[in-house]
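Worksheet: the structure to be examined is printed underneath.
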Amino acid sequence: MEKNFDGPKKYRPIYHDGHSWSTSRVLADWGREGSLTTVLDEMADQLDAAGIAIQQLHAESAPGQYEIVLPPFEPLKACDTLLHARQIIESTAARHGFRITLHPKPWAHACGTASHAHLSISSGSDNAATTSHIYESFYAGVLKHLRAISAFTYSSSASYERAVDGYWAGGRWVAWGSQNRETPLRKIDGSHWEFKALDGMANPYLAVAGILAAGTKGAIDKTPLTFRDCEADPASLTETQRKELGVTEMLPQSLDEALEALRTDEDLVNVLHSGAVQRYIDTKTAETAFLAPMDPEERREWILERY
């Protein structure tokens, strides 16, 4: 969240007094004219009026950063609801002189912003062993194709400014872990897992399609989950320790690398349709070429204006 100003730097972080994760003191200036906290109430009311019952709204770590948890739906409706909610939140904030941004790393000194997705896999069976076999193969498929999926979920050069180790951003290693926020896949309970390698720059329909395609391929092929549960930050482990967990690959470190991983992943490309994938790669390549000549600050402002 930024405050809109006229001047050389159009956007600046909003003033904060001790803003940090889930602290109640960020609500202390509720009711004051020009207070963001007061605007949050209006956002919640507008979302409710649109039939979007938010499950949680709380302060996050960076100045002016908040997390809103949307209700669970089937994939297409979840994407529709996400975009609907973003439009309501953005327009409500703009009426009060604030700018909502989904830039993955708007401020170099602060934590980045993501758009994590929670998934629950249902097998249609009450047998726990059958269910676990299916969802483990599903997530094994996601891990197998995760480098290629990143082209959809980390779809901007700015995405890779956030995708670092040690910031609860999902880290840089292809891995999963129970309640581990330093792995791109976090197991929460049973088939309920969180996909963390996803930010607000992504087209949610394409990102979810990539995740579901990889997972479905894994379930159909009965891909075994050979990765072991990683309970620590993979970046803090030795190479030997990572190998023992099956952690041997890193996520792409740039959009160009991610697009190449997608282009060469024949199984995923075939599931998604080669023509659609090639059009996406061409579009992103052109976008990268357009942004490349800009200096970092110009590029940041360009993204803030649009996302």
Side-chain touch K284/S156, heavy atoms, less than 4.5 angstrom
no
Under a 4.0 Å N-O cut-off, is there an ion pair linking E161 with K105?
no
NZ/NE/NH1/NH2 to OD/OE distance under 4.0 Å, R242 and E239:
no
Taking only residues two or more places apart in sequence, or in another chain, which ones meet D48 in a side-chain hydrogen bond (donor to acceptor under 3.5 Å, both in side chains)?
none
Over 60° means perpendicular and under 30° means parallel, so tell me whether F152 and Y280 are parallel, tilted or perpendicular.
tilted
Regarding E257 and R147, does a basic nitrogen lie under 4.0 Å from an acidic carboxylate oxygen?
yes
With sequence neighbours left out, the residues meeting side chain to side chain contact (heavy atoms under 4.5 Å, CB included) with E231 are D229
Linking Ile, Leu, Val, Met, Phe, Trp and Tyr through side-chain heavy atoms less than 4.5 Å apart, which residues share a cluster with I303?
M201, F290, L291, M294, W302, Y307
Run through the side-chain heavy atoms of Ile, Leu, Val, Met, Phe, Trp and Tyr, join any pair under 4.5 Å, and report what else lands in Y205's cluster.
L76, L83
Could you pull out all residues at least two apart from S120 that satisfy side chain to side chain contact (heavy atoms under 4.5 Å, CB included)?
S191, H192
Going by side-chain hydrogen bond (donor to acceptor under 3.5 Å, both in side chains), name the residues that satisfy it together with E249, two or more places apart in sequence or in a different chain.
none
Separation of S236 OG from D165 CG (nearest 0.5 Å):
9.0 Å
Among K187, E194, R186, find the one that has a side-chain hydrogen bond (donor to acceptor under 3.5 Å, both in side chains) with Q179.
R186
From the options V247, L146, L185, select the one residue that forms a side chain to side chain contact (heavy atoms under 4.5 Å, CB included) with W176.
L185
To the nearest 0.5 Å, atom CG of L304 lies from atom CD1 of I100 at 12.0 Å
